[in-house]
Amino acid sequence: MHMKALYNDGSVAEVEADEARHVIRHSAAHIMAQAIKRLYPEADFAYGPATDNGFYYDVDLGDKKISEDDLPAIEAEMKKIVKENLKFQVFELPRDQAVALMEERGEKYKVEHIGDLDEDARITFYQQGDYIDMCVGPHLTYTKALKAFKLTGVSGAYWKNDASNKMLTRINGTAFATKDELEEHLRLLEEAKKRDHRRIGREMDLFMMRDEAPGFPFFLPNGMILKNTLLDYWREIHHEAGYVEISTPQIMNKQLWLTSGHWDHYKDNMYSTMIDDEEYCIKPMNCPGGVLVYSSKPHSYRELPIRAGEIGLVHRHELRGALHGLFRVRCFNQDDAHLFVTPEQLTDEIVGVVRLIDSVYQKFGFKYHVELSTRPDDSMGSDEDWAAAEEGLKVALDKLGMDYVVNEGDGAFYGPKIDFHLEDSLGRTWQCGTVQLDFQMPQNFNLTYVDADGEKKRPIMLHRVCFGSIERFIGILIEHFAGKFPVWLAPMQVKVLPVSEKSRDYAHEVTEQLEAAGIRVVCDDRDEKIGYKIREARGVDRVPYMLILGEKEVEAGNISVRDRTNETVPMGVDEFIAKVVEEIRTRA
RNA sequence: GCCUGUAUAGCUCAGUCGGUAGAGCACUUCGUUGGUAACGAAGAGGUCACCAGUUCAAGUCUGGUUGCAGGCUCCA
């Protein structure tokens with residue numbers, strides 16, 4: 001799909017594909033702003049960019065409010081503007097005139113924006129009809145080129161993404177080159193909703209949420225199978241990677257959290273309780289416990305690196321507006337580990353951890369992106385330590401040749417981190433794995449090891465998780481597989497479906513044989529028709545294998561195996577058991 | 001915490017102008033013995049999230065609280 005785009009130097013060029021889509025969406029944002037301005041003359045616009053999925057504009061409407069009910073009117077006005085086929089024009093102004101123009105038009109956010117621009121920044125404006133917007137473009141050449149768009153919702157967003165600023169009204173929309181593409185996009189969104197882990201979790205009886213405990217998930221028997229199976233896998237690969245496993249207390253006294261720095265930097269997220277008139281905290285992180293284990297006895301350089309894993313249940317008071325299924329909860333299990341290493345071992349250990357995390361994500365076929373998160377405003381420690389720590393992570397990433405984006409100011413309060421982000425069904429990303437480099441905790445707790453020269457030295461501490469939180473990881477897994485887990489993970493691996501009462505005894509026999517082989521099998525011997533049972537096994541249980549057993553199979557002494565491709569093949573029971581057991585063993 | 005919505009049966013949803021509730025699926029029972037994505041009938045199931053208010057009367061209107069959804073902020 002070719003189309004023309006107007007650039008801020010006044011030139012016009014052909015654009016296509018992603019670039020064309022971006023131009024369409026960005027122009028849609030301007031046309032929406034023009035429509036809003038016509039309907040709400042007091043509207044004051046902030047930012048209005050194109051995004052990966054559409055576009056939005058943040059607007060300050062003063063005392064007025066816009067809700068979803070108002071969107072059809074705005075859409076209708078946009079259609080009028082499209083029909084008017086206004087020409088997009090571009091012009092540039094020197095700073096003082098740019099400010100004057102925006103002030104004259106009552107655009108105080110744009111004026112502030114100009115103030116934030118570099119001294120030598122070129123300030124360009126795009127105009128269609130009587131609407132003028134400060135913008136770097138490019139844009140469509142005429143409004144009629146906007147052929148397919150839809151406003152999708154209203155939300156709030158802080159000016160400059162800062163919670164201390166005013167909350168503006170964000171109006172979201174999406175636009176495509178053609179109506180067909182728009183329809184397809186909306187259809188895919190509907191499809192994605194069917195993969196929502198909250199919905200599948202309920203359908204498959206994996207977990208549940210209750211109003212009595214917002215943010216605290218309940219795991220049901222099927223969910224526990226999934227969780228425990230993941231943990232078995234986790235223990236196996238960590239044992240192979242030279243990790244030991246520990247477990248540290250849920251509740252430890254406030255003094256510990258003062259020493260670790262959590263009290264000063266993380267107090268608002270911590271739950272606490274009184275025990276015998278002394279204040280105790282419920283752990284929001286596992287590291288202080290891990291540190292206490294390390295510091296409980298002297299260590300030689302010969303013992304390092306120590307890699308101590310812990311499936312640690314942590315509780316954090318998250319803002320209720322942030323809660324989201326299993327993705328954002330108030331208590332979760334971290335597949336944590338703390339590594340105590342010498343400076344010489346540091347890079348290799350980071351590389352080892354990153355490789356381990358990568359191997360886990362490869363196992364499930366996840367695509368992910370990596371971020372290097374640097375020093376936040378609220379942090380502890382010296383500039384030198386932070387610089388060294390950030391450098392340490394960079395060196396490891398470079399050694400691995402990994403692509404990453406830098407996420408300024410998003411590190412933990414005690415150190416910078418490498419974050420691994422996974423996608424959910426809607427393409428939203430969630431941080432799962434992370435590797436954090438920490439010089440602070442060893443200092444705060446005066447951790448040492450005796451080096452070869454007999455001197456006491458300070459170990460460096462690495463915090464790391466692979467899954468991140470088991471809960472979040474399970475949520476991602478559910479959406480990734482749409483509940484159709486590989487055999488080794490499936491809570492129900494085989495469902496035996498007798499066609500009628502006549503084959504019920506045989507079905508029970510086969511079920512027992514599978515059970516004896518360690519296969520998770522359920523026999524649906526209800527008095528229902530075979531089509532009904534298949535429908536439920538497929539659509540609700542999402543079981544990898546169904547065994548259809550009728551008189552034919554009783555006669556032949558074999559089984560009919562139907563897999564997820566809906567192919568049905570006859571097979572001997574022993575042959576099938578061997579196949580499934582092998583798939584489970586190899587985690588195929 | 002903030003913005004915009006939203007809350008009726010286990011699930012998905014109807015419920016008009018305010019007159020104390022309905023469907024489909026699921027569940028239970030009975031019949032049915034059925035061969036690859038819904039067998040038939042009957043039954044049971046709701047303090048309409050909660051607390052106030054308006055009204056002769058509230059699922060319905062108003063206010064508040066809580067949960068939930070999509071965002072923002074924050075985060076694994």
Side-chain angles (χ1 to χ4, degrees), chain A residues 56 58 61 65-71 152-172 193 196 198-199 202-203 205 208-215 266 268-269 284-286 312 314 316-336 373 376 410 412 417 419-422 426 428 430-434 436 463-473 475-476 497-504 527-540 546-553 560 562 566-568:
Chain A
Y56 65 80
D58 289 345
L61 292 153
K65 279 184 176 163
I66 286 185
S67 78
E68 309 228 345
D69 294 341
D70 301 313
L71 296 185
T152 52
V154 177
S155 62
Y158 297 107
W159 168 232
K160 291 182 184 172
N161 285 339
D162 185 339
S164 61
N165 285 338
K166 183 172 183 179
M167 177 153 277
L168 309 171
T169 303
R170 174 167 295 182
I171 302 170
N172 291 285
K193 277 188 196 156
D196 191 308
R198 292 164 296 191
R199 174 190 180 130
R202 186 174 57 234
E203 287 175 3
D205 286 324
M208 66 174 196
M209 294 300 215
R210 291 280 307 195
D211 291 354
E212 288 86 341
Y266 210 70
D268 293 345
N269 288 67
M285 298 187 195
N286 302 301
V314 296
R316 300 180 181 179
H317 180 68
E318 300 295 343
L319 296 175
R320 57 203 176 123
L323 301 177
H324 186 120
L326 289 182
F327 288 157
R328 194 68 183 280
V329 290
R330 286 182 172 147
C331 93
F332 56 97
N333 287 279
Q334 290 185 305
D335 64 316
D336 217 339
S373 295
D410 207 39
K417 51 185 190 165
D419 297 327
F420 294 75
H421 296 252
L422 297 175
L426 286 173
R428 294 175 293 209
W430 299 86
Q431 186 190 313
C432 288
T434 166
Q436 308 175 353
H463 310 239
R464 50 109 278 177
V465 288
C466 288
F467 297 145
S469 106
I470 315 287
E471 286 73 5
R472 178 177 285 182
F473 195 81
I476 297 276
L497 310 177
V499 173
S500 76
E501 207 174 67
K502 290 170 191 152
S503 52
R504 194 179 280 174
D527 216 0
E528 296 289 352
K529 296 179 82 168
I530 189 67
Y532 179 89
K533 296 185 194 181
I534 287 171
R535 182 185 156 81
E536 189 172 289
R538 225 186 93 90
V540 180
M546 291 176 252
L547 304 188
I548 318 291
L549 305 182
E551 292 179 85
K552 204 171 79 189
E553 287 76 15
S560 287
R562 174 165 167 163
N566 299 326
E567 299 260 339
T568 308

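These numbers come from the heavy atoms of this one structure, side chains and all, not from hydrogens, waters or symmetry mates. As the structure is a prediction and not an experimental result, all values here were calculated from the model. In the text below, chain A, chain B and the rest are named by the order of the sequence lines, each starting its count at 1.
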For atom [atom1], what is the distance between [N] and [M], given to the nearest Å?
N	M	atom1	answer
B:C68	B:U62	P	24 Å
B:G46	B:U6	P	27 Å
B:A23	B:U33	P	30 Å
B:A57	B:U20	C1'	9 Å
B:A26	B:G40	P	10 Å
B:C11	B:G19	C1'	30 Å
B:G34	B:A38	C1'	13 Å
B:U55	B:U8	P	29 Å

Verify the contact: side-chain N or O of [X] to OP1 or OP2 of [N], cut-off strictly under 4.0 Å; return yes or no.
X	N	answer
A:Lys417	B:A76	yes
A:Arg428	B:G70	yes
A:His324	B:G70	yes

Find the distance [X]:[atom1] to [N]:[atom2] and express it as a whole number of Å.
X	N	atom1	atom2	value
A:Glu212	B:C50	CD	C1'	12 Å
A:Glu203	B:G10	CD	P	17 Å
A:Arg535	B:U36	CZ	C1'	14 Å
A:Asp162	B:C2	CG	C1'	13 Å
A:Tyr532	B:G35	OH	C1'	18 Å
A:Asn161	B:C2	CG	C1'	13 Å
A:Ile530	B:U33	CD1	P	16 Å
A:Glu567	B:U36	CD	C1'	13 Å

Watson-Crick or G-U wobble partner of [N], both distances under 3.5 Å:
N	result
B:G53	B:C61
B:C39	B:G31
B:A44	none
B:A69	B:U4
B:C17	none
B:A23	B:U12

Query raised in the report: Which residue, A:Ile534 or A:Phe467, contacts RNA chain B at a nucleotide closer to its 5' end, judged by nearest heavy atom?
Result: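 Closer to the 5' end of RNA chain B: A:Ile534.
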Requested in this report: Between A:Leu426 and A:Tyr266, just flag the one whose closest nucleotide in RNA chain B comes earlier from the 5' side.
Outcome: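 That would be A:Leu426.
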Requested in this report: Determine, answering yes or no, if A:Phe332 is stacked on B:A76 under the 5.5 Å centre rule and the 30° plane rule.
Outcome: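 A:Phe332 vs B:A76: stacking yes.
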Determine whether a donor-acceptor pair (N or O, by modelled atom type, separation under 3.5 Å) exists between the side chain of [X] and the backbone of [Y].
X	Y	value
A:Arg316	A:Pro284	yes
A:Asp335	A:Gly468	yes
A:Thr568	A:Ser560	no
A:Thr152	A:Asn172	yes

Query - Contacts of A:Lys552 that satisfy salt bridge (Lys or Arg N to Asp or Glu O under 4.0 Å) - sequence neighbours left out - result: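 A:Lys552 satisfies salt bridge (Lys or Arg N to Asp or Glu O under 4.0 Å) with no residue once adjacent residues are dropped.
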Minimum-distance nucleotide (side-chain atoms of [X] versus [options]):
X	options	value
A:Arg198	B:C68, B:U33, B:G70	B:G70
A:Ser67	B:G70, B:G5, B:U36	B:G5
A:Lys529	B:C75, B:C39, B:G35	B:C39
A:Ala322	B:A76, B:U4, B:C74	B:C74
A:Glu553	B:A76, B:G35, B:U12	B:G35
A:Ser500	B:U33, B:C39, B:C11	B:U33

Query raised in the report: What are the two closest heavy atoms between A:Arg472 and A:Arg328, and how far apart are they?
Result: NH2-CD, 3.7 Å
**Report entry** B:C61: syn or anti, per glycosidic angle within 90° of 0
**Finding:** anti
Is there side-chain contact between [X] and [Y], with heavy atoms separated by less than 4.5 Å?
X	Y	answer
A:Met285	A:Asp336	no
A:Glu318	A:Asn269	yes
A:Lys417	A:Gln431	yes

Report task. Could you walk me through whether A:Lys160 and A:Asp162 pass salt bridge (Lys or Arg N to Asp or Glu O under 4.0 Å), step by step? Result -> CA-CA 5 Å; A:Lys160 291 182 184 172; A:Asp162 185 339; over 6 Å; no
Ignoring hydrogens and geometry beyond distance, is the side chain of [X] in donor-acceptor contact with the base of [N] at under 3.5 Å?
X	N	answer
A:Arg316	B:C75	no
A:Tyr158	B:G71	no
A:Glu68	B:G70	no

Report task. Starting from the C-alpha separation in whole Å, work towards a yes-or-no answer on side-chain contact (heavy atoms from CB on, under 4.5 Å) for A:Glu551 and A:Val499. Result -> CA-CA 8 Å; A:Glu551 292 179 85; A:Val499 173; over 6 Å; no
List every contact pair, protein side and nucleotides 62-67 of chain B side both N or O, where the distance is under 3.5 Å.
| unit_1 | atom_1 | unit_2 | atom_2 | d |
| --- | --- | --- | --- | --- |
| B:G67 | OP2 | A:Arg320 | NH1 | 2.3 |
| B:G67 | O2' | A:Asp211 | OD1 | 2.4 |
| B:G67 | O2' | A:Asp211 | OD2 | 3.4 |

